[in-house]
Amino acid sequence: MTALPVTAPFALRARLLSPLDDGGLLDVVDGLLEVGADGRIVRAGAFTEEAPARPVVDLRPLLVMPGLVDLHAHLPQLPNAGLGSGLDLLTWLDRYIFPLEHAYDRSVAERQAPAAWRAFAAAGTTTVVAYAAIWPDSTDAAFAAAEAHGIRAVIGKVMMDRITYDSEIDPGEILETSLRQSDELASRWHGQDGGRLQYAFTPRFAVSCTAEMLRESATLAARHDAYWQTHLSEDEGEITEVKRLFPGAADYLDVYDRAGGLGARTILAHAIHLSGSEVDRLVASGSSVAHCPASNLFLSSGMMPLATYRAAGMRVGLGSDVAAGPEVSIFGVMRAGAVTQRVLELTDRASRADALRPLDWLRAGSLDGARALGMGDRIGSLEVGKEADLIAVDPRFTTPLPDDEPPTDAEELASRLIFRSHPNMVRAAWVRGRALDGPPGRDGIG
Ligand SMILES: [Zn+2]
């Protein structure tokens, strides 16, 4: 059997399924996708006998899709994914999360980060927006591992000058030290490899940051033209605490607004309990939201009124939020999101007419995520001129019985990938036409 291509240029014959920039769908049962030597897509359409410019690797019956985009993950937390269900947020953090983050020094990151990037790629994720720990050395090691692996990554050192697991540093120096370390990391990594690696200034959330840290980190992000990421309105207890800590702010979002944190390069995770005015302000600011429904269910944080947000024009992509989300798979996140919306229908907080269909969820996990990062012109769909961030999926892993044929209808196929996703179904992943380590390769079924 022909080996999978490792580097561009190459041409793949496969089923093609992708959202399109114009809102449409690319759905070709017998398709041809060509990637040029520069790692960009030069053709995405029907296979024809007329010879393409290069030898064709026949992947049928595999499906080629855009790589998935994870807008929110915590690298140090991966080892404890799936542990602690039923605990409240603070107990869970103390028992399962802060010990891992505290221990995430350079040597741990050098061992774990390469495995983490392989795990994301094996799940079909080709772009990851990640929080490291508060230590600059391990953040640097996570970047170095992403550089070597080939995945597209936006990473930031976590910043906290309140409620921190850093007991060694003088509290009077935390702010200045954290700003300086973040500034240095951004100078070293932001924009590396033609923009494949980017920096996100990462104040954890309002509960663990002073107004000064929020403001200064936003200033640095603007100066580097880098991202600014934090958590917003995940949990009712957290919202109460933010009110107590920032009595002058109109609401939770206003804390970040006053810090100058909102804008087109801002990614806010969760945002599930927003008031109407917060929704309006968030949309007007051009900020994006990382919707993490698997995490929200795991920690019983709440259910996002997604249809209301989308109707208001909010830019929403998907995030695994490992380890509050139990798995890195964005297909699993789509399933959790769909289940959440069905439950909201039962409680009359959502309407069936607004429900996202399986193909809408595929779009949310790819092109919408790319757009949330301002990368919609470069990745997120199989379109000529875009960088070839692709995955090859074997839909035979999702059939209920071994000898069943996968559906030909695109909506039904997407439904199977989401509701019957299998850990081995992603067989290959590429970023800019370069194969990523992680997925097992094409052979396995049949
Ligand atoms: Zn998170």
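Remember, it's 1-based here, ligands and their atoms both numbered in the order they're listed. Computed from heavy atoms alone, side chains included, the values below leave out hydrogens, waters and symmetry copies.
For His74, the N, O or S atom with the smallest separation from the Zn ion (ligand 1) is NE2. The closest approach of His72 to the Zn ion (ligand 1), by N/O/S atoms, is made by NE2.
Without hydrogens or angle criteria, Arg196 side chain to Ala146 main chain gives a donor-acceptor distance under 3.5 Å.
Rounding to 10 degrees, one finds that the Zn ion (ligand 1) sits at the corner of an angle of 170° between His231 NE2 and Asp321 OD1.
A side-chain contact (heavy atoms from CB on, under 4.5 Å) with Asp389 is found for one member of Thr125, Val431, Leu436 and no other, namely Val431.
Within the coordination shell of the Zn ion (ligand 1), defined by N, O or S atoms under 2.8 Å, Cys292 is absent.
Ring orientation note: the planes of Tyr256 and Tyr252 are tilted relative to one another, at an angle of 30° to 60°.
Annotation for Arg180: atom CZ counts as buried by contact number, over 12 foreign heavy atoms lying within 6.0 Å.
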